[in-house]
Peer 1: 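Right, I'll just put the structure down here and ask away after.
In what follows, chains are A, B, ... by sequence order, proteins preceding strands, each numbered from 1.
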Number of protein chains: 2
Amino acid sequence: MKLQQLRYFYEIAKQGLNVSLAAEKLHTSQPGISKQIQLLEEELGVDILVRHGKRVTGITEPGQTILLIAERMLHDMENLKRVGADFVNETVGSLSIATTHTQARYALPSVIKTFSERYPGVQLRLHQGNPTQIVEMVLSGEADIAIATEAIALCDELVMLPCHQWNRCVITQPGHPLLSERTLTLERIAEYPIITYDFAYSGRSLLNKAFTEHNLSPNVVLTAIDADVIKTYVELGLGIGIMASQAFDPKRDRNLRAIDAGHLFEPSTTKIGIHRGTYLRGYTYAFIEMFAPHLDRNTIEKAMNA
Amino acid sequence: MKLQQLRYFYEIAKQGLNVSLAAEKLHTSQPGISKQIQLLEEELGVDILVRHGKRVTGITEPGQTILLIAERMLHDMENLKRVGADFVNETVGSLSIATTHTQARYALPSVIKTFSERYPGVQLRLHQGNPTQIVEMVLSGEADIAIATEAIALCDELVMLPCHQWNRCVITQPGHPLLSERTLTLERIAEYPIITYDFAYSGRSLLNKAFTEHNLSPNVVLTAIDADVIKTYVELGLGIGIMASQAFDPKRDRNLRAIDAGHLFEPSTTKIGIHRGTYLRGYTYAFIEMFAPHLDRNTIEKAMNA
DNA sequence: CGTAGTTACGGAGATCGTAAACATC
DNA sequence: GATGTTTACGATCTCCGTAACTACG
């Protein structure tokens, strides 16, 4: 049995059972792959691909099980390489972070600045996406860690570590009637057109929940993927914005005013997600600890093995 | 990276860092192994073995981590082969059970009879040992499942599934004074010389506990590894025996009498132990279910993934 | 000087790519 | 006939075993 064979099988499965496509991705010839798959089938004594004549149409039942184990082995092979790289030079490598716009734009900059000064040899990569995409990226190994809020699907493969709590604020144009309210209420907010996050994002569901619990149906005139877009349209006078407090910067956002809305909505929790069973490089632990000081190496390792 | 290289490294570690010995065990040449280890070190970019001149004296720090991952990969490779074998013919294969004498002699016979009638193609193997050895056998892959009582060391690698509860009885020669007692007490038992299980076995510690809680120091004149030995010496009049109730068979043991002692000692629990992450063949689930009907395939799989 | 590990080298065997045949749509 | 898979075959490379060499006790 060869690791190469498992890699071939894995790639075929990943490419929707198209052997030629898999060959292309792996920069090798298509017949070579076919051959190795046959050898693997022969060695294990079972067919792993369902063939109709000369067309691959499915994965057999044993193939499903084999695929799961093969994936784990390939993952472990990656881990081995990382261990090597880590001990060669603790401070050289790359770190891929899958995250949402809000984190990338408001929460991460200071951490990334500190980190890249401390580890100048580490190539940082930010991948943006919605929570579903972020999870995908971590599970496929494309990204090392995920940073996002709530909506990250629960899954055994993924270890979630709570980092920060945050809440929302309402932003308006200067001179808006809401600014002179003594205490902000959901009822008053619901009177105005609202601009907020897109549904898949950043605890948008918590926002809806707060309104429905008060039997209010807010008039959401625009949803956006990020806070910058929200601010832009509030400036244009399309409505009031509801977004993460941390995304409002009084210095930069001189044309806007913010009102804290922490008492109106449940707080959201920003979390870090890691693919269970992945070997993390030393600086990855350092990065996480910079972002959330309570998550030291020991705590993280314990959570990953739990 | 080749699985072969990992296997070589694993075997070197297992053979106490003796490369020649590892070569012998693997039926290959010693230089071949040296070479492959060097290639592995080169590929990973770190030394994994500590060499003093031309002598291997230790495993480097990264080597330790690499070894752990390599072990898991090799284990997965075994799993793959099992998956294959399982689907080729669900009813042909082998099943190794590591267990204690008491289980092998009194609890298992009926199960094994039923099982071997149902799966005539499965080669059954019973490995006897004390609880420590049993655990070793399962962890090393020498045995597929362990069946024993209590003393099995708790370890993350091992999934323990409770099967049966059982208790003890006192056995004596016919006409013994204890037989005419209305209710058996620890105090009366302690008046006689006692023959019971060896310390490492079958919940012997529970027995000690019961006596010390009553401030009694029983006079244990002989300890044995199995119930048959205990019975033999009770017949000879060396003392009274304390052993598992299930090990007394009125038909067979006509020269002895048993008195239930369930009220004097905490019950012990017989458990099945499985190496977490091992792929179990279909008939293994069947065997376990025959032994403990409440442990169906679903329940077992859930416990293994927990 | 015996034991244990590395280097050197040659042969067997495997892997991979090209070319061609073949099956489905 | 287009797309995609398997078979055939030859060049290359890898792996393994023997033999010689080297270091340590």
Side-chain angles (χ1 to χ4, degrees), chain A residues 1-60 62-63 66-67 70 73-74 77 80-81, chain B residues 1-60 63 66-67 70 73-74 77 80-81 84:
Chain A
M1 184 184 316
K2 304 271 172 344
L3 280 170
Q4 190 87 315
Q5 295 169 337
L6 302 180
R7 181 192 284 291
Y8 287 174
F9 176 37
Y10 170 73
E11 196 66 30
I12 290 174
K14 194 174 161 192
Q15 299 304 331
L17 304 176
N18 185 326
V19 180
S20 306
L21 197 54
E24 202 175 311
K25 294 270 176 191
L26 293 169
H27 310 291
T28 183
S29 71
Q30 182 272 329
I33 297 207
S34 274
K35 188 75 186 301
Q36 291 307 314
I37 294 293
Q38 285 166 26
L39 285 174
L40 181 62
E41 289 179 320
E42 194 182 327
E43 181 171 353
L44 296 181
V46 285
D47 282 2
I48 56 184
L49 293 179
V50 179
R51 297 169 178 83
H52 269 65
K54 288 203 173 187
R55 198 131 311 205
V56 176
T57 58
I59 300 177
T60 63
I66 289 167
L67 182 59
M73 291 180 75
L74 294 171
M77 192 177 76
L80 280 182
K81 290 184 182 159
Chain B
M1 183 185 316
K2 302 272 168 352
L3 280 170
Q4 190 88 317
Q5 296 169 336
L6 302 179
R7 180 191 286 291
Y8 287 173
F9 176 37
Y10 170 73
E11 196 65 30
I12 290 174
K14 193 174 163 191
Q15 300 303 331
L17 304 176
N18 184 324
V19 180
S20 305
L21 196 55
E24 202 176 311
K25 294 269 177 191
L26 293 169
H27 310 291
T28 184
S29 73
Q30 182 273 326
I33 297 208
S34 276
K35 188 75 187 301
Q36 291 307 315
I37 295 292
Q38 285 166 27
L39 286 174
L40 182 62
E41 287 178 322
E42 193 182 328
E43 179 170 354
L44 296 180
V46 286
D47 282 2
I48 57 182
L49 293 179
V50 179
R51 297 168 178 83
H52 269 61
K54 289 205 173 187
R55 202 131 312 205
V56 176
T57 58
I59 300 178
T60 63
I66 289 167
L67 183 59
M73 290 179 76
L74 293 171
M77 194 177 76
L80 280 183
K81 289 184 183 158

Peer 1: Taking Val46(B) as the fixed residue, which of Ile66(B), Thr60(B), Leu40(B) is the one that meets the side chain to side chain contact (heavy atoms under 4.5 Å, CB included) rule?
Peer 2: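 With Val46(B) as partner, Ile66(B), Thr60(B), Leu40(B) yield a single side chain to side chain contact (heavy atoms under 4.5 Å, CB included), made by Ile66(B).
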
Peer 1: Return the value, rounded to whole Å, for the distance between atom CD of Glu24(B) and atom C1' of dG5(C).
Peer 2: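 The answer, rounded to whole Å, is 16 Å.
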
Peer 1: Relative to the 5' end of DNA chain C, which residue comes earlier, Ser29(A) or Arg55(A), by the nucleotide with the nearest heavy atom?
Peer 2: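 The answer here is Ser29(A).
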
Peer 1: I'd like to know whether CD of Glu43(B) has more than 12 heavy-atom contacts from other residues, nucleotides or ligands below 6.0 angstrom.
Peer 2: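 Enclosed: over 12 neighbouring heavy atoms sit under 6.0 Å from CD of Glu43(B).
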
Peer 1: OP1, OP2 of dG17(D) versus side-chain N and O of Thr28(B): anything below 4.0 Å?
Peer 2: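 For Thr28(B), the contact criterion (side-chain N or O under 4.0 Å from OP1 or OP2 of dG17(D)) is met.
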
Peer 1: Just N and O in the side chain of Ser20(B): are any of them under 4.0 Å from OP1 or OP2 of dG5(C)?
Peer 2: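 True: Ser20(B) side-chain N/O within range (under 4.0 Å) of dG5(C) OP1/OP2.
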
Peer 1: To the nearest angstrom, how far is Glu43(A) atom CD from dA14(C) atom P?
Peer 2: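 It is 12 Å, rounded to the nearest whole Å.
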
Peer 1: Does the pair Glu24(B) and Ser20(B) meet the rule for a side-chain hydrogen bond (donor to acceptor under 3.5 Å, both in side chains), with working shown?
Peer 2: CA-CA 6 Å; Glu24(B) 202 176 311; Ser20(B) 305; over 6 Å; no

Peer 1: Separation of Gln38(A) atom CD from dC16(C) atom C1', in whole Å?
Peer 2: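 Going from CD in Gln38(A) over to C1' in dC16(C) covers 14 Å.
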
Peer 1: Which of these nucleotides, dC16(D), dG5(C), dC22(C), is closest to any side-chain atom of Lys54(B)?
Peer 2: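 Out of dC16(D), dG5(C), dC22(C), the nucleotide with an atom closest to Lys54(B)'s side chain is dG5(C).
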
Peer 1: Please tell me if the side chains of Ile12(B) and Asn18(B) come closer than 4.5 Å, counting only heavy atoms from C-beta onward.
Peer 2: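 Not in contact.
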
Peer 1: Quick one: Leu3(B) CG to dC15(D) C1', roughly how many Å, whole number?
Peer 2: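 After rounding, the reported distance stands at 15 Å.
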
Peer 1: Expressed in angstrom and rounded to an integer, what is the separation of Leu39(A) atom CG from dT7(D) atom C1'?
Peer 2: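 The answer, rounded to whole Å, is 13 Å.
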
Peer 1: Heavy atoms under 4.0 Å, any strand shown: does Gln30(B) hit a base, just sugar-phosphate, or nothing?
Peer 2: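 Gln30(B): base contact, heavy atoms under 4.0 Å.
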
Peer 1: Between dG5(C) atom C1' and Gln36(B) atom CD, what is the distance in whole Å?
Peer 2: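 Rounded to the whole Å, the gap is 15 Å.
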
Peer 1: Applying a 4.0 Å non-hydrogen cut-off, can you work out what Gly53(A) is touching in the nucleic acid: base, sugar-phosphate, or nothing?
Peer 2: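 Since only primed, P, OP1 and OP2 atoms lie under 4.0 Å of Gly53(A), the category is sugar-phosphate.
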
Peer 1: Which nucleotide sits closest to the side chain of Pro31(A): dG5(C), dT7(D), dC15(D)?
Peer 2: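 Between dG5(C), dT7(D), dC15(D), the one nearest the side chain of Pro31(A) would be dT7(D).
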
Peer 1: So if I take every side-chain heavy atom of Arg51(A) and compare against dG5(C), dC16(C), dT6(D), which nucleotide ends up nearest?
Peer 2: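 In terms of side-chain proximity for Arg51(A), the closest of dG5(C), dC16(C), dT6(D) is dT6(D).
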
Peer 1: Would you mind reading off the distance between Tyr8(A) atom OH and dT5(D) atom P, rounded to a whole angstrom?
Peer 2: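 That distance rounds to 15 Å.
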
Peer 1: Nearest whole Å is fine: how far is dC16(D) C1' from Lys35(B) NZ?
Peer 2: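 Atom NZ in Lys35(B) sits about 10 Å away from atom C1' in dC16(D).
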
Peer 1: Should we count NZ of Lys81(A) as having more than 12 external heavy atoms under 6.0 Å?
Peer 2: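 Yes.
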
